[in-house]
> 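One structure is given below, represented as structure tokens, and several questions about it will come after.
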Amino acid sequence: MSAGTTFRSGYGSPIYLPMIIVLIAFAVMISAQPSVRLVLLTALAAMEAFFALIPFMLRYSFDEEKLTVLNPFAAPEPPVYYDSIWKVEDSKSRLISCMHCASRDSIGIWYDRGTGHHVRISPRNKKEAVEILRKKCPEAEFTEGPE
């Protein structure tokens, strides 16, 4: 990989939703099956740790020719080449629409026009990431999403 800029994922409140759902589900299972309480508590701790680590493990790498989403918890995402990006939306109101977002304050990137390919990222330094995209994708349409 050539030299570039890498951002960690921004941390936002939507990551708490799956944590709360898992906690409630396990509370119900533990009360229904007290004989396997230790196994369920161990599984609960592992799942909660997984959800808590997601925003800290995600990385967005901007190099000379492409944007790469680095996620150790998922299958590798194909890179987004700057010359295929046709629209970039800066948004603060959307809920997470893919595993790559840990924050509602995100950037939507549409690429390969006509195919519907789309990725939503939430870099910690969103302003700098948008500036990199503006420089690398001069023909792309940049819009503000709904507030």
Side-chain angles (χ1 to χ4, degrees), residues 1-30 38-147:
M1 183 168 85
S2 60
T5 306
T6 301
F7 296 100
R8 290 178 112 177
S9 176
Y11 190 79
S13 57
I15 200 67
Y16 293 122
L17 183 61
M19 292 176 80
I20 292 169
I21 291 170
V22 166
L23 184 63
I24 292 169
F26 272 84
V28 170
M29 288 190 290
I30 289 170
L38 184 59
V39 172
L40 291 172
L41 286 173
T42 304
L44 173 63
M47 290 182 77
E48 292 292 327
F50 171 78
F51 286 125
L53 287 175
I54 287 173
F56 300 106
M57 300 299 286
L58 290 173
R59 302 268 193 279
Y60 309 109
S61 178
F62 295 82
D63 65 16
E64 293 302 317
E65 60 186 30
K66 66 188 179 301
L67 159 66
T68 307
V69 177
L70 308 166
N71 183 355
F73 295 123
E77 187 76 26
V80 178
Y81 289 91
Y82 299 131
D83 59 358
S84 70
I85 295 175
W86 62 274
K87 181 179 177 184
V88 177
E89 179 188 67
D90 183 354
S91 176
K92 291 183 178 156
S93 68
R94 293 188 186 240
L95 293 176
I96 53 178
S97 63
C98 62
M99 189 171 179
H100 307 303
C101 291
S103 175
R104 291 175 57 187
D105 192 12
S106 61
I107 303 168
I109 301 169
W110 284 263
Y111 59 100
D112 293 338
R113 188 182 288 273
T115 62
H117 290 145
H118 170 256
V119 67
R120 189 164 287 279
I121 62 172
S122 60
R124 190 167 283 174
N125 190 342
K126 186 173 118 176
K127 193 177 200 179
E128 188 178 337
V130 170
E131 285 307 311
I132 290 171
L133 288 170
R134 281 188 194 280
K135 289 176 189 170
K136 302 282 185 178
C137 314
E139 279 116 40
E141 170 190 349
F142 286 80
T143 62
E144 291 287 324
E147 293 295 321

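Just the heavy atoms: all of them, side chains too, but no hydrogens, waters or symmetry mates, feed the values below.
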> Quick one: do T143 and V88 satisfy side chain to side chain contact (heavy atoms under 4.5 Å, CB included)? Show the steps, please.
CA-CA 6 Å; T143 62; V88 177; over 6 Å; no
> Set out, in order, the CA-CA distance, both residues' side-chain angles and the distance that settles side chain to side chain contact (heavy atoms under 4.5 Å, CB included) for S122 and Y60, then state yes or no.
CA-CA 9 Å; S122 60; Y60 309 109; 3.7 Å; yes
> Is the NZ or CZ atom of R59 positioned over F7's six-membered ring, under 6.0 angstrom from the centre and within 45° of the axis?
no
> Quick one: does Y81's side chain have a donor or acceptor within less than 3.5 Å of a partner on Y111's backbone?
no
> Look up atom CG in L41 and atom CE in M29, then write down how far apart they are to the nearest 0.5 Å.
10.5 Å
> Give, for atom CE of M47 and atom CG of L40, the distance between the pair rounded to the nearest 0.5 Å.
11.0 Å
> Distance check, rounded to the nearest 0.5 Å: D63 atom CG versus T5 atom OG1?
9.5 Å
> Does the side chain of K126 reach to within under 4.5 Å of the side chain of I107, using non-hydrogen atoms?
yes
> With a 3.5 Å distance limit and no angle check, can you tell me whether D112 reaches the backbone of T115 through a side-chain donor-acceptor pair?
no
> List the atom of A140, the atom of I85, and the distance in Å for their closest heavy-atom pair.
CB-O, 3.8 Å
> Specify the closest pair of heavy atoms between L133 and Y82, including all atoms of both residues, with the distance to one decimal.
CD2-CE2, 4.1 Å
> May I have the step-by-step check of side chain to side chain contact (heavy atoms under 4.5 Å, CB included) for F142 and E89, ending in yes or no?
CA-CA 6 Å; F142 286 80; E89 179 188 67; over 6 Å; no
> Is there a side chain to side chain contact (heavy atoms under 4.5 Å, CB included) between L23 and E48 once you walk through the steps?
CA-CA 8 Å; L23 184 63; E48 292 292 327; 4.0 Å; yes
> Quick one: pull up CD1 in I109 and SG in C137 and give me the separation to the nearest 0.5 Å.
7.5 Å
> Hey, could you give me the CG/CG distance between N71 and L58, rounded to the nearest 0.5 Å?
4.5 Å
> Can you name the closest pair of heavy atoms from F62 and I121 and give their distance?
CZ-CD1, 4.1 Å
> Please give me the minimum heavy-atom distance between S106 and R120, naming the atom from each residue.
OG-NH1, 3.1 Å
> Mind checking whether L70 and M57 have side chains closer than 4.5 Å, heavy atoms only?
no
> Is K136 salt-bridged to E65, going by a charged N under 4.0 Å from an acidic O?
no
